Amino acid sequence: MITGVPVQYFLILATLMFFAGIYGFLTRRNLITMLMAVELILNSVNINFMAFNRYLYPHKMEGMFFSLFVIAVAASEAAVAIAIIINIYRRFATINVEDVNEMKY
Amino acid sequence: MINFSYTIWILLLPFLVFLLLGLAGHKLKPKLSGLIGTTGLGIITFLSYLTAYQYFFASEKVDGVFQKIIAFNGVWLQLTENLHIDIGILLDPISVMMLVVVTTVSFMVHIYSIGYMHGEKGFERFFAFLSLFSFSMLGLVVATNIFQMYIFWELVGVSSYLLIGFYYTKPSAVRASKKAFIVTRFADMGFLIGILILSFNTKTFDFITLTSLTGPAITQTGGAAFMGLSVITWSMIFVYMGGVGKSAMFPFHIWLPDAMEGPTPVSALIHAATMVVAGVYLVARMFPIYAIAAPDALNVVAYVGAFSSLLAAVIACTQTDIKRVLAYSTMSQIGYMMLALGVSGYGGHDGLGYMASMFHLFTHAMFKALLFLGAGAIIHAVHSNYMTEMGGLRKYLPITHATFLIACLTIAGIPPLSGFFSKDEILTAALHHNKLLFAVEYAVAGLTAFYMFRLYFSIFWRKETHYHHTPHEAPLTMTIPLIILAIGSVFSGFIPFSELVTSDSMPFESHIEMAVAIPSVLIGIAGIGIAYIMYKKETSIPDRLATTFKYSYKWAYNKFYIDEVYLYITKNIIFRYISTPIAWFDRHIVDGTMNLIAFTTQLLSFRIRNYQSGQLQKYGFVFVTGAIALAILFAYLWK
């Protein structure tokens with residue numbers, strides 16, 4: 001149990017992680033890196049859930065469950081995303097996101 | 001009271017046969033499908049005879065009047081509380097008589113077709129169409145209301161179209177079928193307008209209500225007037241327009257001669273005996289309205305009939321295609337029937353013309369079907385339609401010759417054959433009503449005898465033609481109907497029509513008026529005599545006459561250029577001055593507006609399609625920016 005750490009610290013950490021993720025998602029051209037950035041975003045949200053749960057409703061568990069759900073969904077999402085990426089690689093022989101634009105107009 | 005509910009089978013059976021042959025015909029052997037069609041027709045012929053016997057001789061009359069019996073009725077389309085369209089079966093003297101006529105001729109034609117169409121491609125299709133036609137014609141005849149009649153009216157039009165165009169690989173047949181359909185369709189537009197005006201004013205479609213003497217159509221004679229004629233009169237004239245189209249009266253007669261492109265049994269059935277008299281039947285069906293509420297419309301009927309019969313008789317004298325001669329003869333005889341209705345009064349002995357018209361319809365169906373079937377047998381033997389290529393056929397085709405001669409004598413009005421009686425009644429009725437119309441019809445009687453015997457002598461006598469292969473008599477399936485119809489033509493004149501079919505269903509005494517009968521027989525004999533002199537042996541008289549009256553001959557030979565007038569009107573006036581501007585408006589204004597809208601949309605979409613770059617990160621950037629912008633916006637709003 002962490003005592004004496006104000007909730008703002010957690011929120012600042014989560015915000016930093018969130019925007020680091022956004023930044024990574026928008027700037028990286030490698031699909032795998034982008035996927036990792038998305039994981040960062042998800043985990044920042046998880047931190048938020050946990051922090052609010054702990055500080056606002058210490059006797060309830062909803063925030064925990066939501067975090068668990070997010071982790072489970074993120075895991076399956078990673079599996080699907082990697083499957084797609086492998087298929088893209090097979091087809092285009094690249095995982096550079098700028099080269100994968102067949103579906104424009 | 002006799003139960004007439006079995007009459008429903010008269011309608012159902014041919015329809016079922018049509019479905020069977022139409023859907024499964026190609027899987028059956030041609031012979032079997034012919035047999036099915038003929039058997040079906042045989043059964044309904046029997047049923048019709050049974051109906052006629054029970055109706056005329058076994059059912060009760062009330063005060064000596066034949067009752068109108070509704071054998072079956074079902075509401076088909078409920079428009080408003082009072083106005084509904086029914087499908088039903090109405091039995092009254094004329095519909096029962098027509099049942100007999102239609103089924104008899106149709107049955108004969110079915111038997112005949114087995115021989116005539118033998119080995120043709122589409123044998124079962126032919127029989128399917130014949131059944132469809134029989135169904136539609138019978139439905140028209142027994143219609144309980146004017147809308148049912150209109151529905152079946154169009155159905156006979158369709159079956160006529162299908163049968164004229166039976167040889168659909170022949171361009172002339174296709175043209176003829178289109179012409180027949182479009183011309184009659186145009187006339188039917190008038191019929192529909194007439195029905196709408198009539199039902200709007202009387203609030204009913206039902207024949208019994210319409211024609212009852214106390215019904216709305218007859219008692220409501222006042223009403224609004226247009227151009228000096230009452231609304232009812234106008235509606236009856238429009239209704240008659242439909243009859244003019246179907247019965248090939250002037251000016252809508254142009255389709256009938258071309259309709260001869262169809263197989264000959266079809267010409268016998270549809271374009272001689274049954275469908276073309278539908279117009280006469282229509283007027284007869286609405287007769288009380290015509291006679292009492294709309295005498296002006298009835299005058300139109302009389303004059304159109306008289307003019308058509310004269311025009312057709314003159315043209316028939318010059319034609320060389322034997323089927324076309326018969327077609328014009330049909331038109332002329334239907335003109336007779338129309339005229340007889342036109343000069344008739346209502347009730348008792350005044351209704352002589354009505355009775356005569358129905359009588360002539362009956363006898364004409366017999367002898368004209370016989371003439372056409374005989375012509376079919378001749379064409380079958382000679383493989384030509386032109387009388388110039390025939391001659392001396394009496395030795396080769398004895399049965400056809402005998403029956404054809406009987407039919408010619410019948411149509412010429414020689415006693416005691418049936419044509420004499422019916423034509424005599426018509427002339428008597430005309431004489432009592434209008435001397436001018438009588439004179440016209442008297443002249444037409446002479447012309448009829450002349451052109452029929454011109455045809456007869458040219459085919460069977462005149463010269464010894466050498467044929468490529470010797471003509472042979474037709475098979476039994478073709479000669480038996482000829483013989484039966486010949487018997488009908490000889491004896492049907494003795495049916496006491498005035499006791500069965502009259503304008504008010506009340507029997508009256510009719511007798512042969514010698515003052516009319518003797519001159520009409522004399523002019524018939526005179527016509528035959530002239531034809532005998534001119535065509536019995538090869539002479540130069542016809543050619544000399546043709547050169548003497550060069551211009552009038554040419555006019556008549558070219559059917560008075562009526563076809564050309566129609567072509568000129570449609571091509572040079574309607575197409576050029578009405579259709580072309582409309583087409584321009586459609587192409588440039590209507591289509592132009594649409595094209596402009598499409599062009600603008602396309603231009604716009606070209607501009608904005610670059611946003612759909614397919615670059616995932618661009619989308620992401622836009623999305624995140626938007627989300628942040630919204631977040632800031634909401635943060636300000638909820639302060």
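Keep in mind that this is a model prediction, so the values were computed, not measured. Naming convention: chains lettered A, B, ... in sequence-line order (proteins, then strands); numbering from 1 in each chain.
- The 12-atom threshold is exceeded at CZ of A:Phe92, counting heavy atoms of other residues, nucleotides or ligands nearer than 6.0 Å.
- No more than 12 heavy atoms of other residues, nucleotides or ligands shown are found within 6.0 angstrom of OH on B:Tyr161.
- Counting heavy-atom neighbours within 6.0 Å of B:Lys170 NZ, excluding the residue itself, gives a total above 12.
- In this structure, chain B has a heavy atom under 4.5 Å from the side chain of A:Phe19, while its backbone stays farther away.
- Residue B:Ile608: no heavy atom, backbone or side chain, is found under 4.5 Å from chain A.
- For A:Leu26, the parts sitting under 4.5 Å from any heavy atom of chain B are the backbone and the side chain alike.
- Between A:Met34 and B:Leu616 the shortest side-chain heavy-atom distance falls below 4.5 Å.
- The line from CZ of A:Phe25 to CZ of B:Phe621 is 13.0 Å long, rounded to the nearest 0.5 Å.
- B:Arg125 CZ: more than 12 foreign heavy atoms inside a 6.0 Å radius.
- Put simply, CD1 on B:Ile628 and CD1 on A:Ile22 are 7.0 Å apart, with the number rounded to the nearest 0.5 Å.
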Review point. Could you walk me through whether A:Arg29 and B:Gln617 pass the side-chain hydrogen bond (donor to acceptor under 3.5 Å, both in side chains) check?
Key: CA-CA 9 Å; A:Arg29 297 291 179 256; B:Gln617 286 165 329; 2.5 Å; yes
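- More than 12 heavy atoms of other residues, nucleotides or ligands shown are found within 6.0 angstrom of CZ on B:Phe181.
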